[in-house]
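Okay, structure first, notes after.
Reckoned from all heavy atoms, side chains included, excluding hydrogens, waters and symmetry mates. Counting from 1, the numbers follow the sequence of the chain as shown.
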Amino acid sequence: MRKIYVIGIGAGDPDHLTLQAAKAIGRTNVFFLIDKGETKQSLIDLRERIIRGYSHPHKRIVEGRDPDRDRTPSDYTGTIAGWRHERGLMLEGLIGEHLRDDEIGALLVWGDPSLYDSTIAILEEILGRGETTFEYEVIPGISSVSALAAKHRIGLNRVGRPFQVTTGRRLTDEGWPEGVDDVVVMLDAQQAFTAHPDAEIYWGAYVGTEDELLAAGRVGEVAEEIVKTRAEARARHGWIMDTYLLRRNGVEGGGVGEAAPQ
């Protein structure tokens, strides 16, 4: 039966690739790359660089065009569901046409496939239709959240305390989540951190790449500079991927000894 690897390739630094991921790339026959347009060509370039470094000479690369979607929809959930469906149909067509029954295909996923990425859900939708069959395996990668914490030399959790990962949209609409003092925020086109001037922020964009940007401090003191830097970077590159940790003061920091593997 056909097999597909869903491979997390890290947050942008080729050195983030794990040994497990490198071995899987070496076994892959067909790589499926999703073209997101000229402004995001650097995302394709990194994937091709990784493929050249770890794949075998007889691999094949197949590209599919990502369906367009509304970036400011009134119905966010419905819009994302529709976009996932269209991407799934595109990917299903590529698998059916290019991946033979005895071959291995791979999708190279930015960061980690289990954190704010749709690939797993799309493959499940394809399998659910019952027309295209394959098995798949998920190989974890270093997420932008882990890379951000490492760059700022901070822990995501504090003693005996949880942290929560959320989106800028939810932080804007619902406010600071109850029961947590440390909030990791992704997908924040709204720049929701500006509504929390007393919190500490640890911000990063293009983390792990040569275009990396970092900032930290009290939101009320650094928000204006982050907003400006973010806007300039987005205009320069045509896209931006940024992540940040918001931290309330007055809670004891640090971890407790050696924890179980994460």
Side-chain angles (χ1 to χ4, degrees), residues 9-13 16 34-47 66-77 79-80 83 109-112 115-118 142-154 156 163-177 182-249:
I9 60 172
D13 186 342
H16 285 170
I34 299 177
D35 181 3
K36 298 188 177 185
E38 292 182 3
T39 60
K40 294 188 177 181
Q41 181 60 37
S42 58
L43 302 180
I44 291 287
D45 292 342
L46 175 64
R47 287 169 169 84
D66 200 27
D68 294 329
R69 69 179 176 94
D70 185 356
R71 297 288 171 174
T72 57
S74 56
D75 178 12
Y76 180 79
T77 302
T79 298
I80 293 300
W83 167 77
V109 175
W110 198 271
D112 182 90
L115 184 62
Y116 282 98
D117 183 80
S118 61
I142 295 175
S143 72
S144 61
V145 176
S146 296
L148 175 78
K151 288 292 183 177
H152 282 290
R153 298 180 296 178
I154 57 172
L156 295 172
F163 71 93
Q164 182 167 324
V165 181
T166 189
T167 66
R169 181 184 300 273
R170 294 187 71 93
L171 186 62
T172 296
D173 293 344
E174 301 172 8
W176 196 291
D182 300 277
V183 183
V184 174
V185 183
M186 306 178 73
L187 308 175
D188 185 13
Q190 295 85 6
Q191 297 162 89
F193 58 86
T194 58
H196 305 278
D198 294 327
E200 294 291 319
I201 187 171
Y202 299 88
W203 176 84
Y206 315 106
V207 176
T209 74
E210 59 185 15
D211 299 310
E212 179 179 276
L213 299 168
L214 299 171
R218 182 175 168 273
V219 171
E221 297 172 353
V222 301
E224 184 176 346
E225 185 61 29
I226 292 175
V227 170
K228 178 183 176 183
T229 299
R230 189 183 189 282
E232 291 173 348
R234 194 181 193 290
R236 184 165 59 252
H237 296 286
W239 61 279
I240 190 167
M241 287 196 297
D242 59 336
T243 308
Y244 58 86
L245 170 70
L246 284 181
R247 171 160 284 171
R248 282 177 173 159
N249 293 317

Work out which heavy atom in [X] is nearest to a heavy atom in [Y]; give both atom names and the distance.
| X | Y | value |
| --- | --- | --- |
| Ala147 | Ile142 | N-CG2, 4.3 Å |
| Ala233 | Tyr206 | O-OH, 3.4 Å |
| Leu156 | Val184 | CD2-CG2, 4.0 Å |
| Thr209 | Gly12 | CG2-CA, 3.8 Å |
| Leu148 | Gly204 | CD1-N, 3.4 Å |
| Pro177 | Val183 | CD-CG2, 3.8 Å |

For a 4.5 angstrom cut-off between non-hydrogen side-chain atoms, does Thr229 reach Trp203?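 Yes, side chains in contact.
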Apply side chain to side chain contact (heavy atoms under 4.5 Å, CB included) to Val207 and Thr243, showing your working. CA-CA 9 Å; Val207 176; Thr243 308; over 6 Å; no
Side chain to side chain contact (heavy atoms under 4.5 Å, CB included), that's the test. Do Ser144 and Met186 meet it? Break it down for me. CA-CA 9 Å; Ser144 61; Met186 306 178 73; 3.5 Å; yes
For Trp176, which residues count as a ring pair (Phe, Tyr, Trp, His ring centres under 6.0 Å) partner, sequence neighbours excluded?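 Ring pair (Phe, Tyr, Trp, His ring centres under 6.0 Å) check on Trp176 returns His196.
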Set of residues satisfying ring pair (Phe, Tyr, Trp, His ring centres under 6.0 Å) with respect to His152, sequence neighbours excluded: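 His152 satisfies ring pair (Phe, Tyr, Trp, His ring centres under 6.0 Å) with Tyr202 only.
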Side chain to side chain contact (heavy atoms under 4.5 Å, CB included) between Val185 and Phe193, worked out: CA-CA 9 Å; Val185 183; Phe193 58 86; over 6 Å; no
Could you list the residues that satisfy side chain to side chain donor-acceptor pair (under 3.5 Å) with Arg234, not counting sequence neighbours?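 So Arg234 forms no side chain to side chain donor-acceptor pair (under 3.5 Å) with any residue.
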Can you sort out the partners of Arg47 under side chain to side chain donor-acceptor pair (under 3.5 Å), two or more places apart, ordered by chain and number?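 Arg47: no side chain to side chain donor-acceptor pair (under 3.5 Å) contacts found.
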Nearest 0.5 Å, please: how far is [atom2] in [Y] from [atom1] in [X]?
| X | Y | atom1 | atom2 | value |
| --- | --- | --- | --- | --- |
| Ile9 | Asp112 | CD1 | CG | 11.5 Å |
| Asp188 | Thr167 | CG | OG1 | 8.0 Å |
| Arg169 | Asp173 | CZ | CG | 7.0 Å |

Suppose the criterion is salt bridge (charged side-chain N to carboxylate O under 4.0 Å, His left out): which pairs have a residue in residues 208-221, not counting sequence neighbours?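 Found Lys151-Glu212, Asp198-Arg218.
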Checking Arg230 now: which residues fulfil salt bridge (charged side-chain N to carboxylate O under 4.0 Å, His left out) with it, not counting sequence neighbours?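 Scan of Arg230 (salt bridge (charged side-chain N to carboxylate O under 4.0 Å, His left out), adjacent residues dropped) gives Asp242.
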Can you confirm whether more than 12 heavy atoms, excluding those of Glu224, are under 6.0 Å from its CD atom?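 No - once you tally the heavy atoms of other residues, nucleotides and ligands closer than 6.0 Å, there are 12 at most.
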Mind running side chain to side chain contact (heavy atoms under 4.5 Å, CB included) on Trp110 and Tyr116 for me, showing each step along the way? CA-CA 10 Å; Trp110 198 271; Tyr116 282 98; over 6 Å; no
